[in-house]
Novice: 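This structure is in structure tokens; I'll ask about it shortly.
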Protein chains: 2
Amino acid sequence: MAKIKSGNNSTKKETVIEQAAFLFKTKGYPAASMRELAIALGVEAPSLYNYIGSKSELLQTICFNVASEFSVNLGRVENSLEATIAKVESIIRFHIQTMLSRFNEVYVANHEWKHLEEPYFSEFLHFRRDYEKRLVILIEAGIEKKEIKNLHPYVTVLTILSAVRGLEFWHGHKKNVTAQELENDMVNHLLHGIVK
Amino acid sequence: MAKIKSGNNSTKKETVIEQAAFLFKTKGYPAASMRELAIALGVEAPSLYNYIGSKSELLQTICFNVASEFSVNLGRVENSLEATIAKVESIIRFHIQTMLSRFNEVYVANHEWKHLEEPYFSEFLHFRRDYEKRLVILIEAGIEKKEIKNLHPYVTVLTILSAVRGLEFWHGHKKNVTAQELENDMVNHLLHGIVK
DNA sequence: TTACAAAACTAACGCATATTAGTTTTTAAG
DNA sequence: CTTAAAAACTAATATGCGTTAGTTTTGTAA
């Protein structure tokens with residue numbers, strides 16, 4: 001009856017994925033049903049299978065799309081000629097901006113990936129570990145060059161990644177802070193601390 | 001047939017709750033089944049109902065137990081006579097220690113509370129907002145007394161809470177960092193930054 | 001040993017799930 | 001207008017869920 005509407009710049013499949021990201025974020029992957037997704041798209045559940053292979057395929061697509069974006073950005077930064085501390089700042093800003101602009105998908109990639117099926121689960125886990133490792137190497141280089149304090153590099157990476165991830169709590173809270181202020185204050189905090 | 005074994009210092013109900021926390025953390029609340037919980041306790045699923053009222057009651061118990069602990073601690077700190085920055089440090093250390101010592105329950109309270117049913121969902125949400133608000137007030141007092149940098153207080157609170165929460169990723173990673181080093185380095189990072 | 005309660009069991013209910021099969025409607029091109 | 005493919009539908013299947021009812025076993029105290 002009703003057809004799935006898609007914006008001009010996106011295929012119908014992409015529309016389904018976007019809506020799925022919203023739903024997976026809101027209810028969690030296991031609790032989100034295909035019927036509910038179908039209703040949100042104005043369609044019966046079986047019709048979705050004209051566009052997608054399965055529910056789990058939706059999760060896979062979302063998670064690996066996000067992973068790819070972060071990986072590509074990190075590659076760019078690694079190959080740049082900036083000082084280490086500038087690289088770190090650049091990565092933090094990318095995380096914040098991506099978190100804010102592609103909220104649903106990033107949230108799902110952060111929280112629901114544990115529901116991936118094998119072999120995707122292992123692959124994603126490996127990606128995460130690899131990404132962390134690359135950041136640790138970056139921090140170690142900064143310590144070596146005496147740009148960065150000699151804290152345990154993995155703890156530093158963990159603190160940064162976690163802080164940035166926490167923006168999901170800001171989303172929706174309409175505090176009187178602009179995205180730019182938020183980004184600057186968080187970068188400032190993570191690089192220079194809060195003690196005067 | 002088999003009976004639920006409980007350590008000497010805990011009732012059987014507490015044993016069920018502990019195992020439920022582990023399961024809810026591992027699979028997520030919606031995907032965790034009572035049958036699976038029962039198997040982990042060496043029992044058939046209906047037997048669980050001799051100890052508990054329902055699956056959702058388990059989630060409620062876990063979430064509000066954790067909430068209560070954090071609230072009590074914050075109350076203690078608020079009423080102490082330390083400098084603001086020492087209060088903030090104390091709170092950070094409490095979060096880290098509690099996260100590490102009661103990992104499963106804290107994880108569930110952090111991630112699965114959105115599956116609480118009304119009115120518990122709203123109550124928990126209110127608690128969270130209240131807790132954040134009390135921290136914001138603390139930070140504002142520190143800014144007032146010029147102990148703390150004048151960043152947006154909510155962003156500061158968000159950064160701290162999120163960073164600390166991220167310890168869930170450390171758990172299981174057996175890096176060569178002791179809990180004490182981890183705690184000290186993270187406190188150092190959050191208070192003084194990483195830039196030399 | 002008897003009696004009672006605690007705690008386990010088996011069987012089953014009602015419901016929701018993802019997905020498939022088969023069919024009909026809609027859309028667009030020749 | 002015809003035709004063929006795309007996209008929707010209805011109906012149904014198998015599976016798993018939380019939970020209840022009713023019964024049997026186990027443990028404990030009189």
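All figures in this text were calculated on a predicted structure; none of them were measured in a lab. Atoms considered below: every heavy atom in the structure, side chains included; atoms not considered: hydrogens, waters and symmetry mates. Residue numbers start from 1 in every chain, and the chains themselves are labelled A, B, ... in the order their sequence lines are given, proteins ahead of strands.
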Novice: Students often get this wrong, so: under 4.0 angstrom with heavy atoms, is A/Ala38 touching a base, only sugar-phosphate, or nothing?
Specialist: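 Result for A/Ala38 = nothing.
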
Novice: For B/Glu18, is there an ion pair with B/Lys13 - N to carboxylate O distance below 4.0 angstrom?
Specialist: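 Salt bridge absent between B/Lys13 and B/Glu18.
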
Novice: Rounding to a whole Å, what distance do you find between B/His115:NE2 and D/dG18:C1'?
Specialist: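 In whole Å, D/dG18 C1' and B/His115 NE2 are 16 Å from each other.
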
Novice: From the list C/dT19, C/dC9, D/dA8, which nucleotide is the closest neighbour of the side chain of A/Val43?
Specialist: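 Of the options given, the side chain of A/Val43 lies nearest D/dA8.
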
Novice: Quickly work out the A/Glu44 CD to C/dT23 P distance and round it to whole Å.
Specialist: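 Taking atom P of C/dT23 as the reference, CD of A/Glu44 is at 19 Å.
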
Novice: Does the Lys NZ or Arg CZ of A/Lys133 fall within the cation-pi geometry relative to A/Tyr154 - under 6.0 Å from the ring centre and within 45° of the axis?
Specialist: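 No, a cation-pi geometry is absent between A/Lys133 and A/Tyr154.
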
Novice: Taking NZ from B/Lys55 and C1' from D/dT20, how many angstroms apart are they, rounded to a whole number?
Specialist: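 Nearest whole value for this atom pair: 17 Å.
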
Novice: Using 0.5 Å steps for rounding, measure from the CZ atom of A/Phe127 to the OH atom of A/Tyr131.
Specialist: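 OH of A/Tyr131 is found 7.0 Å from CZ of A/Phe127.
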
Novice: Rounded off to whole Å, could you give me the CE-to-C1' distance for the B/Met34 and C/dA8 pair?
Specialist: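 One finds 15 Å between C1' of C/dA8 and CE of B/Met34, rounded.
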
Novice: Does A/Ala32 reach a base, just sugar-phosphate, or nothing at all? Heavy atoms under 4.0 Å.
Specialist: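 If one applies the 4.0 Å heavy-atom cut-off, A/Ala32 turns out to touch the sugar-phosphate alone, with no base involved.
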
Novice: What is the separation between atom OH on B/Tyr51 and atom P on C/dA6, rounded to the nearest whole Å?
Specialist: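 Spelled out: OH on B/Tyr51 to P on C/dA6 is 11 Å.
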
Novice: A/Ser54 side chain: which of C/dT19, C/dA8, D/dC9 is closest?
Specialist: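 Output: C/dT19.
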
Novice: Taking the basic N atoms (NZ, or NE/NH1/NH2) and the acidic carboxylate oxygens, is any pair closer than 4.0 Å for A/Glu36 and A/Lys27?
Specialist: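 Between A/Lys27 and A/Glu36 there is a salt bridge, with a charged N closer than 4.0 Å to a carboxylate O.
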
Novice: Could you give the CD1-to-P distance, from A/Ile52 to C/dA18, as a whole number of Å?
Specialist: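 Atom-to-atom, A/Ile52 to C/dA18, this comes out as 10 Å.
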
Novice: Given D/dT19, D/dC17, D/dA8, which nucleotide is nearest the side-chain atoms of B/Ser33?
Specialist: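 Looking only at side-chain atoms, B/Ser33 lies closest to D/dC17.
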
Novice: Between A/Phe70 and A/Phe94 (judged by ring centroids, cut-off 6.0 Å), do the two rings come close enough to count as a pair?
Specialist: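 So the answer is yes for these two rings.
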
Novice: Is it the case that C/dA8 (base atoms only) and B/Asn50 (side chain only) share a donor and an acceptor within less than 3.5 Å, ignoring hydrogens and angles?
Specialist: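 Checked by distance alone, the answer is yes.
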
Novice: Please pick, from C/dT19, C/dA12, C/dA11, the nucleotide with the shortest atom-to-atom distance to any side-chain atom of B/Pro46.
Specialist: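 Ranking C/dT19, C/dA12, C/dA11 by closest atom to the B/Pro46 side chain puts C/dA11 first.
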
Novice: Rounded to whole angstrom units, what separation is found between the NZ atom of A/Lys12 and the P atom of C/dT27?
Specialist: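 To the nearest whole Å, that distance equals 10 Å.
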
Novice: Can you check the A/Arg35 CZ to D/dC9 P distance for me, whole Å?
Specialist: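 Answer to the nearest Å: 13 Å.
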
Novice: Nearest to the side chain of B/Tyr49, which nucleotide is it out of D/dG18, C/dT17, C/dA7?
Specialist: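 The answer is D/dG18, which lies nearest to the side chain.
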
